[in-house]
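Take a look at the structure set out below.
What you see below is based on every heavy atom in this structure, not just the backbone, and it leaves out hydrogens, waters and symmetry mates.
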Amino acid sequence: MSAEQSASELTPRTTTGHPRSDRSAFSTSTVVQSVFDEILTAVHEGRLLPGQRISDVELAAQLGVSRTPVREALLRLRQIGIIEASANRFTRVADVSPRETADAMIVWLALYLPLVLEVVPTAPTSTLEAMRRDHLAFQRHVAALDMQNVATSNFAFFHHLTVLSHNPTLRKALTSVVHIVRLGSLHLPDYLDFAALDRSQQLLLDAVRANDAHAARAAIALLGTIEVPQPDVKPAPTVARGLR
């Protein structure tokens, strides 16, 4: 699928097992929210690629809605950086650079720390089990070097805690910035430090199991040591880059 293709291959899909957008953060219209979710899922699943042009007319026809909710959904996606547009020229999926991904990751980490301090002490067993399943899926996808599903399982893992927060402003901010990190992570060089990412997930699982906020802080600190690879910077040869 080339970047010049329109969104003609976007078809409504319902995914299971992974969270989608935080409805409390964006929902004012059921139809707009549905269109928002469909486009966002298509981007994260690789059915809409960075740089690919999007037609609101085609989307409206495919989803069986008018152009008004499609335009509103696209506007919301522009507000969180997933879609970019130039007046009378194009509307397309954003091409998030490694530098932009790294910048967004800094913001996400700053927001995620107060989140875990809030929710980990009372996180239920059901959340622990959901995170454990996504952690195992993450390990399988890393072993197969399946970057699309590595990103999906990784961000699903961390999102299970986001939805537990009683702070709607924090949930909204996290949900917005994580989409940029996730989109950018799909197209990073393949030498991301998966070993450190895997270890941070394990530490956070242990913290949730023990309802230990201090241990959760240590997991987030480890996440903060993971550098987002830049195309012009080669990885240090002494750093483990895979799962053992």
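- When ring centroids are compared, F157 and F138 stay outside the 6.0 Å threshold.
- Residues A216 and L204 come closest through the heavy atom pair CB-CD1, 4.0 Å.
- Residue L183 comes nearest to A94 through the heavy atom pair CD2-O, 3.6 Å, listed as atom of the first residue, atom of the second, then distance.
- Taking both residues in full, the closest heavy atoms of I82 and I180 are given as N-CD1, 4.1 Å, listed atom of the first, atom of the second, then distance.
- Looking at S97 and E100, their side chains come closer than 4.5 Å, going by heavy atoms from C-beta outward.
- Contact of the T225 side chain with the S200 side chain is not registered, since no non-hydrogen atoms from C-beta on lie closer than 4.5 Å.
- Side chains of D206 and Q202: a donor-acceptor N/O pair is absent below 3.5 angstrom, by distance only.
- Side-chain contacts under 4.5 Å among hydrophobic residues (ILVMFWY), followed directly or transitively, place L203 together with L222.
- Residues R182 and T152 have side chains that bring a donor and an acceptor to within less than 3.5 angstrom of each other.
- Salt bridge R78/E84: absent, no basic N to carboxylate O contact under 4.0 Å.
- R133 pairs by the side-chain hydrogen bond (donor to acceptor under 3.5 Å, both in side chains) definition with nothing, not counting sequence neighbours.
- The shortest distance between side-chain heavy atoms of V107 and D103 does not fall below 4.5 Å.
- Checked by atom type and distance alone, the side chain of T127 never pairs as donor or acceptor with a backbone atom of A123 at under 3.5 Å.
- Residues L75 and I83 fall into different hydrophobic clusters, defined by Ile, Leu, Val, Met, Phe, Trp and Tyr side chains chained together at heavy-atom separations under 4.5 Å.
- Cluster annotation: F90 and V70 are assigned to distinct hydrophobic clusters (Ile/Leu/Val/Met/Phe/Trp/Tyr, side-chain heavy-atom contacts under 4.5 Å, transitive).
- Side-chain contact between L77 and L40: present, with at least one pair of heavy atoms (C-beta onward) separated by less than 4.5 Å.
- Neither side chain, E118 nor N167, offers a donor N or O lying under 3.5 Å from an acceptor on the other.
- Between W108 and L223, the closest side-chain pair of non-hydrogen atoms falls below 4.5 Å.
- By the 4.5 Å heavy-atom criterion applied to side chains, N154 and Q201 are counted as neighbours.
- For the pair R217 and V116, the minimum side-chain heavy-atom distance is 4.5 Å or more.
- You'll find the side chain of L59 stays beyond 4.5 Å of the side chain of V35, heavy atoms only.
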